[in-house]
Amino acid sequence: MTKRILVTGGAGFIGSHLCRRLWEEGNEVICLDDLCTGSAAHFADLKGQDRFTFLQRDVTEPLDIQVDEIYNLACPASPVHYQKDPVKTMKTCVLGALNMLELAGKNGAKILQTSTSEVYGEPLEHPQKESYRGNVNPIGIRSCYDEGKRAAETLFFDAYRTYGTRIRVVRIFNTYGPNMDPEDGRVVSNFILQALRGKPITLYGDGSQTRSFCYVSDTVDALIRMMAQDKTPGPVNVGNPAEITVRRIAEQILRMTQSASSVICVELPSDDPTRRRPDITRAKEVLGWEPKVPLEEGLEKTIAYFRTLA
Ligand code: UDP
């Protein structure tokens, strides 16, 4: 059955893959984005097609349309972008959540919130389970995003308890793949572009901090499974439990691009989490999901994408 699905942030990195997948599955897709960090190029070929609509709008403005499902992704997600206008970032998280919850309520629609591993802050528990309440600095440079996303989770669960809104909440860990914004300062995009351009690879700190990288098709698959299931409102961690240091990812990208770039250490930004790895037991149980794409394969596809931009 064709569903009418709204994807906020649909012109962004994960949003663009999600819109395409939902559209290819035969759904009617409404992609909402203010293009502050997203790109119209990501859906250029979908524009004008049946069952695809683009709305250039800000999620902080109320919206009244008919929908069956809402995926709420709208928010600058990389530290460089969300720190540029931190007050706006908090507004996007909170007002965006409020507006979309209201829209879901009016329509009796299901609504999925893309929360983030950032709700765990500098984690004191490792790997991070959904039951872990996090260790977030409320007044640091990452707080606009971390606390904004935490407040959005609160709004979702209050709407669920108070009004019975049909919520789903996932916490997305680091994701990479084609359509990443070359300008958003993410580690994978930065390192690949630096390697391809023969520029020094910028390790923040000594590169001993860890992250766990999930290829975007796996992430999108988890979002769609989360929306489809009725067992839990969440939260459910979505990420790849394969943990790697930032230094090792630099070495792997240098090897795969056969680059002669040097590696330099620059200052570590404040509140940069030391370790991050999802415990995905719940995702396995509830969604029957775990990542399929190994890092090497995902990086190959991502490097091929960035070659077209370099
Ligand atoms: N990082 C780095 N060099 C870069 C960009 C990022 O060493 O050019 C580090 C950053 O300090 C962090 C990790 O890579 O420890 C992941 O950074 P990213 O911005 O991709 O995501 P997040 O910090 O939100 O996980």
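Counting starts at 1 for both ligands and their atoms, in listed order. Along the sequence shown, residues carry numbers from 1.
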### Message
Would you say Y120 and N237 are linked by a side-chain donor-acceptor pair, where the criterion is simply a distance under 3.5 Å?
### Response
yes
### Message
Would you say T219 and T175 are linked by a side-chain donor-acceptor pair, where the criterion is simply a distance under 3.5 Å?
### Response
yes
### Message
Side chains of Q113 and N72 only: does a donor on one sit below 3.5 Å from an acceptor on the other?
### Response
yes
### Task
Classify the side-chain pair E243/S212 by whether it contains a donor and acceptor separated by less than 3.5 Å.
no
#### Entry: Neighbouring residues of ligand 1, heavy-atom cut-off under 4.0 Å
P79, E118, R142, N174, G185, R186, V187, N190, F191, T202, L203, Y204, Q209, R211, V246, D272, R276
### Message
Could you measure the distance from the SG atom of C31 to the CG atom of L22? Nearest 0.5 Å is fine.
### Response
11.0 Å
### Query
Does E24 CD have over 12 foreign heavy atoms under 6.0 Å away?
yes
